[in-house]
Structure formats: C-alpha cells, structure tokens
2 protein chains.
Amino acid sequence: MTCTMHRTQELRKRGFRMTPQRQTILQILHDASGHHSPADIHARASLNIPGLTETTVYRTLDFLVQNGMINPAQSASGHLVYEIARHNHHHIICRSCGGSVEIEHTLLQELYQQLETHSGYLMTASHVTFFGLCQVCQSST
Amino acid sequence: MTCTMHRTQELRKRGFRMTPQRQTILQILHDASGHHSPADIHARASLNIPGLTETTVYRTLDFLVQNGMINPAQSASGHLVYEIARHNHHHIICRSCGGSVEIEHTLLQELYQQLETHSGYLMTASHVTFFGLCQVCQSST
DNA sequence: ATTGTTATTGATAAAACTTGCAATAAGGAA
DNA sequence: TTCCTTATTGCAAGTTTTATCAATAACAAT
C-alpha cells in the first residue's frame, strides 16, 4: 500500500477526508525535508493547486498537526514552521545566529517522567524548542 | 532605592532610556501578576498613556524581554503572553482545557546539563512551554 | 452510477503582528 | 538651565494569522 493510501485511510477512519490540498501539502513536506513556513508551503503548493488560499494552508497545517502527520516547531523568529512527522525530537535554537541542532526525545524521557509525577499531567510527546548560544556565538562574544 | 529607579539605572548603564511607556508597562505587569497578552497590556496602559500605540507595546515587550525584566510564555492558543520576571520557571499547558501548572527550573537543571554536553550550546534559562493532558481531562476522555 | 450528507474550501473581513521613517523627547554635557 | 545627540515613539503601510459563512466536493450508501 502506498503512503498516500495509508494516510487517506487513517483520516477516513476518523471521519475526515483526504483532499488534493492535504495530499499536496503532505507531499511537499515529505519531499523537502526540514522546516517550512506557511508562506513557503503556500508558494510551493500553489504550483500544483492554482488558487489555493493561505487560509486553507493554515487550516490544513493545523489539521495535519492535530492528526499527527506533521509536527510544528518554533523558528528563530518565533513563528511556527512545519515538517513531516518523524521520530520524536526537539530543537535548540541559537539566540544569536539562529542556527539549530536536533535533540533526541530520549534525552527528555527522564524529565517527562518527573514532570508527570510532579504535575499529574500526562505528557504527550510534543515538540519543544529550547534557546541557547551555540559554540561559535559563545566564543565570538 | 525604589524598584523603578533601579530599573532605570539598569537601562542607562546599557545605553538605553527609561520612558513613561516602559515604566507603565512594567508597572502593569508588576501589579497584575500572571500572564498578559499584548492587547490586554495595551488596553491597560492606554488608560495612563492615551494615544499609546500597539506598535509601541509590541516593541516595548520585546525590549523588556531582551533586558530580562519580563518573561515571555506561550499561551494555550499558541500566542505569546508576558509576565514580570520572577524566579526561573516553566509551564505545562493542558491541550484540552488550556489550564496550566508551573514547573520549577530546578527540575530542568539536569536536562540542561545534558543538553549542554550533547549539543555544545550554552543553555540560557529561558521559559519553556510543555504540552500535556491534565488529570481532569485525562479521566474525562 | 447517482444521490445525499456534511467535511472542506475559498472569499471576505478582521485581528494580530511587523517594518520603515520622520518627529519627539530622554538624558548627558556645557 | 539650555543644547545636542540619538534612542524611542507614533504613524502609516505591509505581512501574517484567524474567523465567518456560503459554495463545493469527498465519499458512504443506495
């Protein structure tokens, strides 16, 4: 079964529908790995779907996040960017140069454990963005 | 020395100026503890400073964050809210009801340690927002 | 295939946030 | 106090994001 067919069935099981807009946006995030802004995604998807509105892009991105098919992350500027859902991970962004590194979720496992104990909250493993100073920017200060 | 005078001197030392706009916004966040949206802050501050623009509120909030006098945090809707700088802490927000609890920074200390080791980044202790499900919403699902 | 239900889209307007620039005013120096 | 420098503000326009609602189209059932 293709990836697209699988996703379509996932949505239908939950009472939702697969549409060209959703398929195209998923395809874009799948092919171009990394983070993408709504504006970027809108530009790329418009090539396939002329007349696609920004409104729909924002709504589709929210929808795909809700359904676990893509993940949101904060960019250095504070705006949200999106990428295809992969293994659970997080980011540290450099306050100074905007560069970033990926953090495996396993590193947060223990903390999440403690957070659950202390707060009573069930920690769903959503993306977290930390801020810091990268090595280069540390030494150039 | 009053709190205001102290803050004024802090800014001057760094080549910045204390203004009625900055003082008023600091006062508001100081008096009304908790998180406040830019719109909320603008509404309150406008009582003291008629003609205050939203632009200035956004710029002032950014400025005060940069200078460590207030802290930003993500609200349940994903927008930024602000509070007067206090001891270092973080939040867990419930995805379902939007409620939140505070997390002491000490709980993250060990993780930050590890993050620095793994990434080489210097972890500045900025506010982190986690998402989860509170006890009430867990049982009502 | 055709039909009916309703999830989804596009259009429009509004709200939230940012940028560039000229006018203003904070505060150091005379 | 007065003057000068320039950080800061307000204004106006632009960008980004959200909300509302009627028209459309996905897809389950016939």
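A, B, ... follow the sequence lines: proteins, then strands. Residue 1 opens every chain.
If you take OH of A:Y82 and P of D:dT16, they are 14 Å apart, rounded to a whole angstrom. Between B:H79 atom NE2 and D:dA19 atom C1' the separation is 12 Å, expressed in whole Å. Between A:Q9 atom CD and D:dA28 atom C1' the separation is 14 Å, expressed in whole Å. Between B:I49 atom CD1 and C:dA25 atom P the separation is 12 Å, expressed in whole Å.
The closest side-chain donor-acceptor pair between B:Q66 and B:D62, if any, does not fall under 3.5 angstrom. In this model, no donor atom of one side chain and acceptor atom of the other lie less than 3.5 Å apart for B:T124 and B:S126. Side-chain polar atoms of A:H89 and A:E83 form a donor-acceptor pair below 3.5 angstrom.
B:F130 is connected to B:L111 through a chain of hydrophobic side-chain contacts under 4.5 Å among Ile, Leu, Val, Met, Phe, Trp and Tyr, so both are in one cluster.
Using a 4.5 Å cut-off on side-chain heavy atoms (C-beta onward), B:T4 and B:Q23 make contact.
Listed by residue number, B:T55, B:Y58, B:R59 are the residues of residues 52-72 of chain B with a heavy-atom contact under 4.0 Å to DNA chain C. For residues 35-46 of chain A, proximity to DNA chain C is found at no residue, defined as any non-hydrogen atom under 4.0 angstrom from a strand atom. Residues from residues 11-27 of chain A that place a heavy atom under 4.0 Å from any atom of DNA chain C, listed by number: A:G15, A:F16, A:R17, A:T19, A:Q21, A:R22.
A salt bridge between B:K13 and B:E10 is present, with a side-chain N of the basic residue lying under 4.0 Å from a carboxylate O of the acidic one.
Around atom CD of A:E116, more than 12 heavy atoms belonging to other residues, nucleotides or ligands sit under 6.0 Å away. Atom NE2 of A:H35 has more than 12 neighbouring heavy atoms from other residues, nucleotides or ligands inside a 6.0 Å radius.
Using bins of under 30°, 30° to 60° and over 60° for the plane-to-plane angle, the ring pair B:H127/B:H91 lands in the tilted bin.
In this structure, A:H105 has its ring center closer than 6.0 angstrom to the ring center of A:H90.
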